[in-house]
Amino acid sequence: MAKYNPSEIEAKWRERWERDGTDKTDLYGAKKPFYNLMMFPYPSAEGLHVGNLFAFVGSDIQGRYHRLLGYDVFEPMGFDAFGMHSENFALKTGRHPAEMVPKNIERFRETQLKKVGLMLDWHHQVDTTSPDYYRWTQWMFVTLYKNDLAYRKRAAVNWCPSCNTVLAAEQVIDGQCERCQSVVTKKEMAQWFFRTTAFAAELLDELDRMDWSERTKTAQRNWIGRSHGAEVRFKVDGGPDFSVFTTRPDTLFGATYMVFSPEHPMVDEITTPDRVKDLADYRQRAQALTEVERQSEGREKTGVFTGSMAINPVNGEKIPIWVADYVLMGYGTGAIMAVPAHDERDHEFALKFGLPIREVVSGGDPDVDVSREAYVGDGNLVNSGEFNGLAAKTEGIFAITRMLESRNLANFTTNYRLRDWCVSRQRYWGPPIPIIYCDKCGEVPVPEKDLPVLLPKLADYRPDGSGLSPLARDEAFHKTVCPTCGGQAHRETDVSDNFLCSAWYFYRYPSTGFTDRPFDPDLTAKWLPVDLYVGGNEHAVLHLLYSRWLCRALNKCGYLNFTEPYKKFVAHGMIVKNGAKMSKSRNNIVNPDEYIKEFGADSFRMYLMFMGAYLEGGDFRDGGVKAMKAFLDRLFAAALPPEGEVLDPSPPGDPETLFWLNSTIKAVGADLARFSYNTAIARIMELVNHLTKNKVRNHVVSETLAQLLAPLAPHLAEEIWESLGHNQSVFKSRWPSHDEAACQKPEVEYVIQINGKVRGKFSMAVGLPPEEIEPLVLNNEAVAKWLEGKTIVKKIFVPDKLVNLVVK
RNA sequence: GCCCGAGUGGUGGAAUUGGUAUACACGACGGACUUAAAAUCCGUUGACUUAACGGUCAUGGGGGUUCAAAUCCCCCCUCGGGCACCA
C-alpha cells in the first residue's frame, strides 16, 4: 500500500496543473462566469502571514467548489505594492522600494502562494506599481477631477508626525496613525480630496439591499453616520445671521447659550474688543491639542465668552455666544445651540460656567431634576409657549421646525459623519498625482495621452516632514510646461493614497494587457461586478468603502453600468494563537511555510479550516496540523485501492454505507455553501471513520471522497482521483449528487420523555404514525415506573424524533 | 453612552426550523504491538452520586414563556468589534 507523501504528491500536481493550464480561465469563452475575488496582499514583509493564508484558503475553497458545480471560475491574484506599508518596510530594511518590491512579489508568488494550492490564474496578475497599472490609477484621478469629484482645498488635516504625511479620516484609528500608531496631529494644509460625501446617502441606503456580512455593513453604517434634524438660523444681536444644526429642534426654548467651534470663521467678527485676547489665547491652545487630547472622554469642558449675544428665533431671547472646543468645525455648521437641560455635554458646560438650565421636556417623573443631570428621554414640551404639551420627539420636532420654516428661519436637513477622502500623501512610493500648476491656467490635469506621470527613481526617497513630498526635491520631476498654454509650470509632487490603487484593482484583472482604457468594456460586462469577495473586516471603512464609492463615481461618469462592485462580500474571522492575538512582540507568529514543508499544504489548509468557524475565526494550536496529517493518512489508506488491485466499480450495497455516502455529500455541500468549513471536514471525518471501522472499500465511495475533498485538499484529491483510473483532473468532474431517500437512516431512534425528561429510547422504522408508536411507548419497561400511579394528561408526538408524555 | 457579534466539557469547537446538549477533533487515562520509545490500532473520558441498574445537576448569571429552551422574551455580568464631546 502506497503511503501518503504530501511533498511528492503536491509537487507533482503543482507541475501538472501548470502544464495543463488547469487553473487558467477562458475569459471570453466562459459560459457561467464566476468571479472569485480575494484581497490582494501587500508584498511588504518577510512573507505572507498565516492570516493571509487563512483568508486565501477560505476563498479558494469557494472558487474550487463553484468550479465543481460547473461555473467558469476566475480566481486572480495581485500585489498591492504601492504605499506606506511597502515604503516603510523598505526604509526599515534599507533597500530601495523599487528593488525590494519586485523581489518580494516574486518570492511571495513562487515560494508561498504557489505552494498553498490556490486555484489562481497567474496569467492575470496585477502589480499596482507597474506603470501599465498606475497609468490608470492616475486616469482615475483625472477623470474624477474632470467630473468635479476631486478638488483641492486648504483645511486642517490629519498629520502623522512619524510617517510625515497627511492621512484620511479613515486611516486615523482612535487618534492614531493606522500604519505606525503614532498620535496624529492637525495641520492646516492645501490637499486633494475626493468627494466621498457626495454619495453618502446612496452608499448608506444601498447597504440595506446588499448581500454582505452584517458586521461589515454595521461598520459602514456607523461610519457614514446619518442624523436627521434641522438647520436653524440665529441672529447675532447687532450682527450677522448664522446657522446651527440640531437633532432636537423641539428643545429650542431650552437653549440658554450658543457655542461656536474655535475654528469657526465668524469668531473674529463677533468677538467684542475686550475679549479679543482671551479668544486668541483659547483658540491657539485648542489648535495645539491633538485629536486624542481634544476628544478624550471625560475631559473637563473648556470655553470662553465672545462678548456677543444671539437672538433665539423662537422667543426673541438674547443668549450669550461662547467658543468651546467641544464643538467641532467639521460637523454640521460648526456651531450649536446649547440646551443644558437635555444634553449631557451642554449640561456639564453650563454647570462649570454657571449658565442657566431650563427644562423644556418633562418625562413626567417628579424625581428628575435637570439642574442635577440632563434629561435626554422622551416626554412632553413645557416652558415652550404655544408648543407646550406636545410629545417632544414625535410632535415637537416637527411643529417647531415647521413654524420656523414658514418664517424662513429653519429647514429640515440631514447630516453625515462621513468626511471627504483626503488623498494627498507627502510620500515617495505611490502614483504621482497627475496635476500641473500653471501661473496662467491654474490647475491643469495631465492630458490622458501623457499618462502615466512616471515616478522617478530617487536615491533619497525619505519623507522629510516639510509638508512636501520627496518628489519636490527633484527639480527634473516637478518643473514642466503647461499642457494648455505651453508656459512654465510645475507638477503636483504629492502622490495619491494607496487606497486609490486598491479601489479599482479588480476591474483590471480580467483586462490585464488592455491598453486603451483601464478595463475592457466587453470583459467588464461579462465578469463584473465581482460575484464573491472574501476578506478581512478591518477594511470595512477603508478599502471596502472607498471601492464602493469609486464604483459609484465611475458609474456617474459613464464608465460603468453598475453601482456596486461586489455582489456578495463575506468577512472571515480572525485567527489567534492559543487564545492570544499574534504579534511580533508576543513572539507567537505562526510561520506557515514551516508547517507546509513538514506536513504538506493540504494538511495545513485542512487544519486552518478545521480550527474554528471560518466566519468567526479560530485558535491555532501547534498539534493541529500534525493531527490533520494523521487524518489524511487514514483517508488516503481508506480511499486507495490496495496495491495492484482495482476496486469493484459497482456502488456500495450495504445500507449503512449508502446512508453515510449520501448524507455526507448532502451535508458537505450545504456546509461549503455557508462557509462552514469546520463542520464540512467533520462530516468527511465521520465518513472515513465509518469506512475504516467497517473495512469498507469501494470505488464509488472513493471517487466521491476525492470530490468532496477537492475544494479543501486539492492535491490529495487529485492523487486519489487519478489512482482510481481517471486521466483528467478531478476539477473537470461535477460535484456528486446525493440520493435524498438514502440520507435518511432506515431506522430512527425515538426518545421517550416524561415531563420533558428523557426516560427511555427505542429504535423504529421511519415514518410510523402516532397510533403505532404509542403502544411501544406505554409498554416500554424503562418508562413504566415513571407512569406508576400517575395519569397522562397530554401526549406529544414529534415524527421520527420523540414522544413526550405529560403526567400528573 | 449607542450599535453589532459572542459566552457550551480539561482544550478547539458542534447542534438549518424550540425536540436525545457536548458532533468532529485535541488532550488525558487504560490496553494492544515493541527490548524500549515513537508511530499505529482498540477502548474510556461533562460534573456529582451509586456496588450496580440508575439518579441529580450542567450551555456566563437571574427571572419568564412552553409539554419541551444553548435556541424565544425581560433584566444583569463578561469578552471581541464598530461609532463616540457628531450637537
Side-chain angles (χ1 to χ4, degrees), chain A residues 173-174 213-227 229 244-248 251 259 261 294-299 301 324-328 330-339 342-346 348-349 376 415-418 537-538 540-541 571 573-574 576 578-579 581 607 610-613 615-624 626-628 630-631 633-634 637 667 670-671 674 676 678-686 689 692-693 749-758 760-761 782 785 793-807:
Chain A
I173 317 283
D174 295 327
S213 292
E214 204 49 50
R215 57 206 171 106
T216 316
K217 296 205 279 187
T218 305
Q220 291 206 352
R221 281 192 190 103
N222 287 340
W223 186 258
I224 297 171
R226 173 157 53 201
S227 333
V244 300
F245 172 71
T246 176
T247 55
R248 295 293 304 277
T251 62
V259 186
S261 155
R294 181 161 163 175
Q295 301 198 353
S296 65
E297 205 182 343
R299 181 176 156 249
K301 293 273 180 295
D325 66 6
Y326 81 92
V327 174
L328 309 173
Y331 187 76
T333 65
I336 61 155
M337 64 168 197
V339 184
H342 305 293
D343 181 281
E344 283 160 15
R345 296 149 300 179
D346 298 344
E348 194 194 329
F349 191 86
V376 297
N415 248 299
Y416 294 89
R417 231 192 52 86
L418 184 73
N537 208 40
E538 67 274 11
V541 299
M574 249 214 345
V576 296
N578 299 320
K581 247 186 187 166
Y607 177 62
F610 185 65
M611 218 164 45
L615 303 182
E616 308 295 322
D619 193 350
F620 192 96
R621 303 280 162 135
D622 268 322
K626 189 179 175 184
M628 192 54 79
F631 166 66
D633 282 335
R634 254 180 295 137
D671 284 350
R674 63 189 179 108
S676 186
N678 54 341
T679 54
I681 292 168
R683 296 290 88 82
I684 295 174
M685 285 172 168
E686 285 180 295
N689 288 347
T692 312
K693 197 166 269 182
E749 191 171 46
Y750 266 89
V751 171
I752 307 167
Q753 294 183 339
I754 308 293
N755 289 342
K757 287 197 195 296
V758 180
K761 297 176 184 183
K785 70 172 179 177
V793 291
K794 200 170 179 183
K795 302 170 196 161
I796 288 124
F797 290 89
V798 181
D800 296 335
K801 281 214 171 104
L802 63 74
V803 180
N804 189 11
L805 302 178
V806 185
V807 299

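Protein chains get the first letters and strands the later ones, always in sequence-line order, with residue 1 at the start of each. Only heavy atoms go into these numbers, but all of them, side chains included; no hydrogens, no water, no symmetry mates.
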(message) Within the 4.0 Å heavy-atom criterion, would you say E344(A) contacts the bases, only the backbone, or no part of the nucleic acid?
(response) nothing

(message) Would the base of C67(B) count as contacting K795(A) through its side chain, where contact means a donor and an acceptor less than 3.5 Å apart?
(response) no

(message) Categorize Q220(A) for me: base, sugar-phosphate, or nothing, with a 4.0 angstrom heavy-atom threshold over every strand shown.
(response) nothing

(request) Please give the nucleotide sitting opposite G30(B) as a Watson-Crick or G-U wobble pair, both distances under 3.5 Å, or none. (result) C42(B)

(request) Classify the side chain of D619(A) versus the base of G12(B) as yes if they form a donor-acceptor pair under 3.5 Å and no if they do not. (result) no

(message) Just to be sure I understand the rule, does V751(A) reach a base, reach only the sugar-phosphate, or reach nothing, if contact means heavy atoms closer than 4.0 Å?
(response) base

(request) Under a 3.5 Å limit for both distances, which nucleotide forms a Watson-Crick or G-U wobble pair with C79(B), could you say? (result) G5(B)

(message) In terms of relative ring orientation, are Y331(A) and F245(A) parallel, tilted or perpendicular, with 30° and 60° separating the classes?
(response) perpendicular

Got a list of protein N/O to nucleotides 38-47 of chain B N/O distances below 3.5 Å?
none

(message) Any base atoms under 4.0 Å from E214(A), or only sugar-phosphate, or nothing? Heavy atoms, all strands.
(response) nothing

(message) Side-chain N or O of S227(A) versus OP1/OP2 of A87(B): is the shortest distance under 4.0 Å?
(response) yes

(request) Using a heavy-atom cut-off of under 4.0 Å over every strand shown, decide if N804(A) touches base, sugar-phosphate, or nothing. (result) base

(message) Need to verify one output field. Residue with the more 5' nearest nucleotide on RNA chain B, I173(A) or N689(A)?
(response) N689(A)

(message) Once you apply a heavy-atom cut-off of 4.0 Å, does R683(A) come out as touching a base, just sugar-phosphate, or nothing?
(response) base

(request) Describe the nucleic acid contact of F620(A) in one word from base, sugar-phosphate, nothing, applying a heavy-atom distance below 4.0 Å. (result) nothing

(request) Tell me, please, which residues at least two apart from D325(A) pass side chain to side chain contact (heavy atoms under 4.5 Å, CB included). (result) P262(A), Y282(A), A286(A), L289(A), R294(A), R299(A), T302(A)

(message) Both M611(A) and T246(A) contact RNA chain B. Taking the nearest nucleotide for each, which residue is further toward the 5' end?
(response) M611(A)

(message) Counting the atoms with a prime plus P, OP1 and OP2 as sugar-phosphate, which does K761(A) contact under 4.0 Å by heavy atoms, base, sugar-phosphate, or nothing?
(response) base

(message) Taking pairing as Watson-Crick or G-U wobble with both contacts under 3.5 Å, can you name the mate of A84(B), or confirm there isn't one?
(response) none

